[in-house]
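Structure first, then comments.
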Protein chains: 2
Amino acid sequence: MTEIDEAGHPDTASTRDRIMEAAIDLFTEQGFDKTSLREVAERVGVTKAALYYHFRSKEELLASLIERVHGIGNHGLDLLQALHGQDGPLDREAVLAALVVLLDQVLSHRRTFALMERNRTAIEALGDHDPEHQKEHQHLEEQWVEFVGNEHIPFPDRVRISAALGAVMAGAIGTTRGMGRETPTGLRDELVAVVRDILHLSEPE
Amino acid sequence: MTEIDEAGHPDTASTRDRIMEAAIDLFTEQGFDKTSLREVAERVGVTKAALYYHFRSKEELLASLIERVHGIGNHGLDLLQALHGQDGPLDREAVLAALVVLLDQVLSHRRTFALMERNRTAIEALGDHDPEHQKEHQHLEEQWVEFVGNEHIPFPDRVRISAALGAVMAGAIGTTRGMGRETPTGLRDELVAVVRDILHLSEPE
DNA sequence: GTCTATAACCAGATAGAC
DNA sequence: GTCTATCTGGTTATAGAC
């Protein structure tokens, strides 16, 4: 049972992991820009210089934190993109499936998604010196904007899919703040039901 | 017809308004922390020092931007708080009403809410030297956390209200990016219907 | 009201000893 | 791997002329 989002016991964890652990907390609470590397180092119990042995820059530290989800976490939106190719009425079941994939990602990487939600501008700015991130993020963003503005898709559908996306994120992250690492029982099912309601899909028998 | 969210024609607007106009765009696009006052001044066509004639600090500039919604924009959540006082099953109609109030606020102050959404940590940090903001924000935050974790309220209700809140925000802000100032026809009604669906409230006859 | 000039500071980042 | 010491640069903010 490998922990993906965090290291094991703080005592036995490597310095690199402990740095990432301190960073994700501070970045999420105070924001990336308002957190200095000195603060991170202090919490870990090392000096700033030590951080630079493990990470080339502050931005690389941030990148390492979201990397754990990157590529995987986008699969949900990738699917949406596929749907968007077909002009006309949406395949609601496919949209539901895509959102459930995303939901599961969010639930199993809650801390990372919370970090992302509260540091969007910082994460977008990562691309400035990291061309890979640049491409991937920009591409996704363009697809989404294009979808939202696509006149060929009925407006209510676009609104409802945006709303469903927001519902999933807020429902998964908002209701688990300050809770432990385990997903509350029933949360996933309830949110799937919510998405069903939004998309006007009735329960499977 | 007084514009609340923005000044009139850029040519006739006062310098103060033009500064706020430039700031809200830059802060939203790049983030508050990644935007220097030099950039803002440059876009307006004045020098940094001029900004300090109109605003005491960078933080005060940010505060002035969200002030236009402050107090008003929270009424939706204030109502939620009222509901939370009563332990037990929710008054769904009241929740709907509260969310509609919030929705209307978001729709008529879209740019401001977009700014807030993308600069939450910066806005929270405003309280560090502004005790009024501190109190108001912290109070609201506590109420919300308390509500979300309130064991006396059925878990599904809490999940659905969080989801509805996210749906409103994402639906109102996400679907209007890059659009003009006017709210797209039908957006409000559709989102109200979405909230109804989430809360399992049928249409009024 | 807006400018030029400058103060004061603190961040991110590097060099090199251990 | 981690430290001490330092560099470099940009940022907020102020003083005072116009």
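Since the model is a prediction, treat every value here as computed from it, not as a measurement. Protein chains get the first letters and strands the later ones, always in sequence-line order, with residue 1 at the start of each.
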Practice task
Give a yes/no on whether any side-chain N or O of B/Tyr53 is located under 4.0 angstrom from OP1 or OP2 of C/dG1.
Solution key: yes

Completion exercise
One should report the stems of DNA chain D, each a stretch of at least three consecutive Watson-Crick or G-U pairs at distances under 3.5 Å, as C:1-18 with D:1-18

Practice task
Tell me, with the steps shown, if A/Glu60 and A/Leu65 meet side-chain contact (heavy atoms from CB on, under 4.5 Å).
Solution key: CA-CA 9 Å; A/Glu60 196 194 276; A/Leu65 293 174; over 6 Å; no

Practice task
Please check the phosphate of C/dT2 (OP1 and OP2 only) for any side-chain N or O of B/Thr15 closer than 4.0 Å.
Solution key: yes

Exercise for the section: Give the intermediate values and the outcome of salt bridge (charged side-chain N to carboxylate O under 4.0 Å, His left out) for residues A/Glu124 and A/Arg120. Expected result: CA-CA 6 Å; A/Glu124 285 169 17; A/Arg120 257 188 237 180; 6.0 Å; no

Problem - For atom NZ of A/Lys34 and atom P of C/dC10, their distance in whole Å - result: 15 Å

Handout entry: Under 4.0 Å protein heavy-atom contacts per nucleotide of nucleotides 4-18 of chain D, with B for base, S for backbone only and - for none
Key = B------SBBB----

Practice task
Measure from the side-chain N and O atoms of B/Thr176 to the backbone N and O of B/Met179, and report whether any donor-acceptor pair falls under 3.5 Å.
Solution key: no

Practice task
Return the value, rounded to whole Å, for the distance between atom CG of A/Leu26 and atom C1' of C/dA11.
Solution key: 16 Å

Problem - Atom-to-atom span, CG of A/Leu51 to P of C/dA15 - whole angstrom - result: 17 Å

Practice task
Please report, rounded to the nearest Å, how far the C1' atom of C/dC3 is from the CD atom of B/Glu42.
Solution key: 15 Å

Handout entry: Single hit among A/Lys58, A/Gln30, A/Glu29 for side-chain hydrogen bond (donor to acceptor under 3.5 Å, both in side chains) with A/Thr35
Key = A/Gln30

Handout entry: Stepwise side chain to side chain donor-acceptor pair (under 3.5 Å) check, B/Arg118 with B/Thr28
Key = CA-CA 6 Å; B/Arg118 287 172 65 82; B/Thr28 304; over 6 Å; no

Practice task
With the side chain counted from C-beta on, respond yes when A/Leu191 and A/Leu99 share a heavy-atom pair under 4.5 Å apart, and no when they do not.
Solution key: no

Problem - Sidechain N-carboxylate O distance under 4.0 Å for A/Arg43, A/Glu39 - result: no

Handout entry: Within 45° cone and under 6.0 Å: A/Lys34 NZ/CZ vs B/Phe32 ring
Key = no

